[in-house]
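This one's a predicted model, so the numbers in the text were calculated from it and none came from an experiment. Counting starts at 1 for both ligands and their atoms, following the listed order.
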Amino acid sequence: MRAEQPQAVHLADYRVPAFLIDHVDLRIELFEDCALVHSRLNIRRNPADESQARDLVLNGEELGLESLMLDGRPVENHRVDEGFLTVPSVPEHFHLDVTTRIHPRDNTRLEGLYQSSGMFCTQCEAEGFRRITYFPDRPDVMACYRTRIEADREAYPVLLANGNPVDWGELEDGRHQVTWEDPYPKPSYLFAMVAGDLVEKRDEFVTGSGRTIDLRMYVEARNEAKCEHALASLKKAMAWDEEVYGREYDLDIFMVVAVDDFNMGAMENKGLNIFNSSCVLASPETATDAAYDRIESIVAHEYFHNWSGNRVTCRDWFQLSLKEGFTVFRDNQFSADMGSPTVQRIDHVNMLRTAQFAEDAGPMAHPVRPDSYIEIANFYTLTVYEKGAEVVRMIHTLLGPDMFREGSDLYFARHDGQAVTTDDFVRAMEDASSRDLTQFRRWYEQAGTPELRVTDAFDAESGTYTLTIRQSCPATPGQSHKEPFHIPVRMGLIASDGEALPLDAEQNTETVLELTDTEHSFQFSGLAERPVPSLLRGFSAPVKLDYSWTRDQLMFLMSRDPDGFNRWDAGQKLAVDVILSIQQGRDTEVDPRLVEAYRTLLTTPGLDRAMVARMLALPSTAWLIELTDEADVAAIDGARHQVEQTVARALRDELLQVRADHHPGGDYAFEPGQVAARSLSNSALALLTRIGDDQGRDQALAQFDQATNMTDRLAALKALVDSPFSQEREDALARFHADWQHDPQVVEQWFAAQSGSPWIGNVNRVTELLAHPAFDWKNPNKVRMVIGVFAGRNLTHFHSPDGSGHRFLGEQIRRLDAFNPQISAQLAQPLTRWRQYAPHLRDSMAGVLRELRDLPDLSRDLYEVVTKSLG
Ligand code: 0A1
Ligand code: ZN
């Protein structure tokens, strides 16, 4: 057990800062074994602070204090306690000069200033700046920064910080300096600097108002050929934000840097975005379509933060969804506009429903705006990001696109340069639209996934159809009772001939029902027959919906629902019902209607191939677990496997035809038509190899040999890995590694193809991977690709009935926690869901959590996850 228990921070305790900082002047001297950080802070008392505190209290972690002067005179009565520097009885206005010594080379937490592959870089969100210098490290203290970086010229020719470069030059001893100035006030979490031997790729973007912005990407020389896609994505995002939100970029330079060691995906530092290499670098030979897609949306996400996050930022970390929920919504809209909106929505909802719903149903459930936290790094969650984005989407649905745009214009105009709350965001939406969102605000305050129970009745005589919807929401930690939510349910009614029925006097065939009470009834009249309801179109609210469609109705909706999302969802519901009926012994055979529905999909000409690929994918094991009480993973997997085998065997000819119709060739382009064709063809290949089909195997081997892009090559590799062809699989893995061992990002894919494989990724295999020379404990991507993928995606082996997968994870978490607590806490997530599982799994997961809890030297990050989940 930890010696002292970390304390929680509560939203209710928020107080305005006692002191404000107008200007920060930094001089950072970089050396091989340490860095000296000289900071001059212009400080004044905050007139809004009622406490009239006399003492200045600054945050600081693991800093060597070298000198401290107030208005030019050494301070002698200061105190340094764990985490704080206190300067007693300071004047109204003053400047403080602080010099700290830090050790970036030994910084394995990757928070603050650290070294990665020989370069220096920073990560300050949420509380990393306090590991660089003493500062009021909270987002509502916004200041203008001037940053001078000094380093050896040969080893670190590139020196970057936020803003525009204003001065540079040679220094003694082969050193040089570059000085940057950022004119926009910002919180410390947006500070960034980089020093390294990097190549620069340049591009430019002309804004709507005619300013030319210098775009620069900085990467290690070996990655020079992997910048094009990110730069193209950036330009698209810049144009899109002008067009859709009226937001122009505001500095003269926008820089993107790729680093290999990074705890998260990327970071939106003002004018100097820093990316995990895996989220920004791509070439057709090394990155898959999925990676291209992810890069496009992450580049856009970070860029969009320039307004939703940087110009208007968060008052405190409880408001994190103010910037994250809104920015994820914006990047989802952007991705929808760049490709197929329906496919984008399906992929997004699929992730939300499996992972976020599980979080919301577990011991770590928290509102989109949490009330308390122990370690804020643990609150960069799917709830804050993804559910937060769904909440913004619902506002968009309720207001309509035009009012929503007026609301966002008002929000940006009203709060530019401020640190604000989610409530300020909602108020701007209300003020612009004159809609009352009082009840809607509960989405920010109440945790848990609401459940809608829908029943209906048809009165043939009067032709009236009545839908009755009851809402409820399960208890979550600290919230036993929930008030009803304001829920938009987009829907339509369909006649037996497939016609979309008019719902009102204006003959609209689609409407948004607004639920505000616990129970609501809605009537539709003038109907000749009982319609089939199509509910929650486009997944208009993050809820679970229960209505007893028959299997025939689901098949009907799969082909006839005008809403593409609901066509997919009907297929998922049908497949879930078929799989769970087998698992629960209600059926012994796979319902032939499922096979026929898939056959229709494969043989109907003209369907969007990307949609067909999505519709053919059986519901994931994770989603089936989410739908089951006391989930017995092996039994669920067994049933799913039986259905998959039956479907693939029955459709062998059609799958081969799909393969025959696909003629790869020509140059790779990340373009919707090509992406869709590859995705369907590779889905067919995977099904064929999984049933051990010889022709499938030959095609996989040929594709593996001949593919000129990574999408097809990796798909062929995975098809062989997840198949009974053991010799071919091991040969392909060996060749893939031999071909790509020089490229860390491809090696990461090679790791994941094994650790995530339900066929081969058992504890023995994953243990072997940890011992592989390419595995590196200090590199979060490698750790995620081996341990994270095993525990998060390979549920078959992670939940091995003997508990070996759980114990394996516990051991690795323990090891990692000693040097990178953010990563150890992230990896512990799968264990937190223990209550969802069958008793034998539950006991073994909780046992591992208890062992972790009892460790004497547990980090705060892991302590919070472990104690709350056992809680
Ligand atoms: N704000 C970044 C991601 C990010 C999240 C948490 C971090 O540290 C705890 C760091 C970065 C984004 O949304 O892209
Ligand atoms: Zn973000």
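Among protein heavy atoms, atom 5 (C) of ligand 1 sits closest to Tyr380 CD2, 3.1 Å. In terms of protein heavy atoms, atom 14 (O) of ligand 1 is closest to Glu302 OE2, 2.5 Å. The single protein non-hydrogen atom nearest to atom 8 (O) of ligand 1 is Glu125 O, 2.9 Å, given as residue, atom name and distance. Summary of contacts: the protein heavy atom closest to atom 10 (C) of ligand 1 is Gln123 NE2, 3.1 Å. The nearest protein atom to atom 4 (C) of ligand 1, hydrogens excluded, is given as Met264 CG, 3.8 Å; this is a heavy-atom distance.
The pair Arg814-Asp817 does not meet the salt-bridge criterion, since no charged nitrogen lies less than 4.0 angstrom from a carboxylate oxygen. Of the charged side-chain nitrogens involved, none lies within less than 4.0 Å of a carboxylate oxygen, so that Glu359 and Lys387 do not count as a salt-bridged pair. Of the charged side-chain nitrogens involved, at least one lies within less than 4.0 Å of a carboxylate oxygen, so that Glu390 and Arg345 count as a salt-bridged pair. With respect to the salt-bridge test (charged N to carboxylate O, under 4.0 angstrom), the residues Lys778 and Asp261 do not qualify.
The Zn ion (ligand 2) lies under 2.8 Å from an N, O or S atom belonging to Glu324.
When distances from the Zn ion (ligand 2) to the N, O or S atoms of His301 are compared, NE2 comes out shortest.
Relative to the ring axis of Phe326, Arg330 places its NZ or CZ within 45° and under 6.0 Å from the centre.
Using a 4.0 Å heavy-atom cutoff, Ala266 is listed among the residues neighbouring ligand 1. Assignment of Lys323 to the shell around ligand 1 is supported, since a heavy atom sits closer than 4.0 Å. For His305, the closest heavy-atom approach to ligand 1 falls below 4.0 Å.
With ligand atoms numbered from 1 in the order given, ligand 1 contributes 9 (C) to contacts under 4.0 Å with heavy atoms of Gln822. The ligand atoms of ligand 1 that sit less than 4.0 angstrom from a heavy atom of Glu324 are 1 (N), 12 (C), 13 (O). The atoms of ligand 1 that sit less than 4.0 Å from any heavy atom of Glu268 are 1 (N), 2 (C), 12 (C), 14 (O).
Between Phe318 and Tyr14, the distance separating the two ring centers is not shorter than 6.0 angstrom.
Backbone and side-chain nitrogen or oxygen atoms of Tyr385 are examined, and one is located within less than 3.5 angstrom of a nitrogen or oxygen of ligand 1.
Using a 3.5 Å distance cut-off with no hydrogens or angles, the side chains of Asp241 and Trp307 do not pair a donor with an acceptor. Residues Asn263 and Asn820 have side chains that bring a donor and an acceptor to within less than 3.5 angstrom of each other.
Counting only distance, with no hydrogens or angles, the side chain of Asn107 and the backbone of Glu111 share a donor-acceptor pair below 3.5 Å.
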